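Below you'll find the structure, written out as structure tokens, and then a few comments.
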Amino acid sequence: MSKNKSMLYALIVMLLWGTLFPSVKLGYGAYNIVTTGDILLFFFFLFTICGALICLYAFITDKDSYKAVKNALVPVLLSGLFAIILHYSFTYSALKLTDSSKTAILKQVGVLFYVCFSFMFFKDDKFTVKKLI
């Protein structure tokens, strides 16, 4: 893949990711989403459609890597259950209660906490003052 094509893909992904929370808020208004059940259903359809499109793209472009995923299907589904469903259920439910800009900031602060407290989960990672700073 050429450098320009890679940069274009990265810019498209950043554009889509940057407009995620405002788009979800607009979707809440457009589809009259009020209750937590409505939010979870909206989120379920959104992720199902995105996942299906990604699987279709992977199947069409690289069938060998798609076949390799079949062997790891159960761990991927379990990881998706806990990491994706629970995480985004809370995120999208909270998005109904606060501004999209505040949600985006809070979501990115989570990455900072993961880095700062990674020493609790990995034996070879040590807590240092430099990491804290």
Side-chain angles (χ1 to χ4, degrees):
M1 185 181 307
S2 72
K3 184 177 178 180
N4 290 338
K5 196 172 184 181
S6 297
M7 287 176 54
L8 177 65
Y9 287 156
L11 289 172
I12 290 171
V13 168
M14 288 187 332
L15 174 73
L16 292 173
W17 187 252
T19 60
L20 173 70
F21 292 129
S23 299
V24 169
K25 292 285 277 193
L26 289 173
Y28 286 173
Y31 294 110
N32 196 21
I33 294 175
V34 180
T35 67
T36 303
D38 293 341
I39 292 170
L40 295 178
L41 190 62
F42 179 74
F43 142 74
F44 170 77
F45 282 123
L46 179 73
F47 275 73
T48 301
I49 290 168
C50 291
L53 289 174
I54 290 170
C55 287
L56 181 65
Y57 176 78
F59 181 73
I60 290 170
T61 59
D62 192 9
K63 293 185 181 184
D64 292 335
S65 66
Y66 185 78
K67 290 176 185 174
V69 171
K70 287 183 187 178
N71 298 333
L73 192 59
V74 172
V76 168
L77 289 176
L78 287 174
S79 173
L81 174 69
F82 292 106
I84 304 299
I85 292 177
L86 291 177
H87 176 79
Y88 281 101
S89 295
F90 288 121
T91 300
Y92 283 4
S93 296
L95 188 59
K96 184 70 177 160
L97 304 173
T98 188
D99 298 333
S100 58
S101 59
K102 290 177 186 172
T103 304
I105 291 169
L106 289 172
K107 187 156 176 56
Q108 297 310 315
V109 168
V111 175
L112 178 66
F113 285 120
Y114 293 147
V115 170
C116 288
F117 295 107
S118 63
F119 69 92
M120 297 172 68
F121 305 106
F122 300 103
K123 292 179 184 177
D124 59 341
D125 196 9
K126 303 293 181 211
F127 177 75
T128 63
V129 175
K130 182 180 176 183
K131 186 182 286 189
L132 183 63
I133 292 170

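On a predicted model such as this, the values are computed, not experimentally measured, just so you know.
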Distance from [X] atom [atom1] to [Y] atom [atom2], nearest 0.5 Å?
X   : Y   : atom1 : atom2 : answer
L41 : L46 : CG    : CG    : 11.5 Å
L56 : T61 : CG    : OG1   : 9.0 Å
L97 : I39 : CG    : CD1   : 7.0 Å
T36 : F90 : OG1   : CZ    : 10.5 Å
T48 : L53 : OG1   : CG    : 11.0 Å

Which is it for L8 and I12 under the side chain to side chain contact (heavy atoms under 4.5 Å, CB included) test, yes or no, and what are the steps along the way? CA-CA 6 Å; L8 177 65; I12 290 171; 4.0 Å; yes
Sequence neighbours excluded, the answer for salt bridge (Lys or Arg N to Asp or Glu O under 4.0 Å) partners of D99 is K102
Note: I33 and G27 closest approach over all heavy atoms is CD1-O, 4.1 Å
Assigning hydrophobic clusters by single linkage (Ile, Leu, Val, Met, Phe, Trp, Tyr; side-chain heavy-atom cutoff under 4.5 Å), is Y31 placed with F43? yes
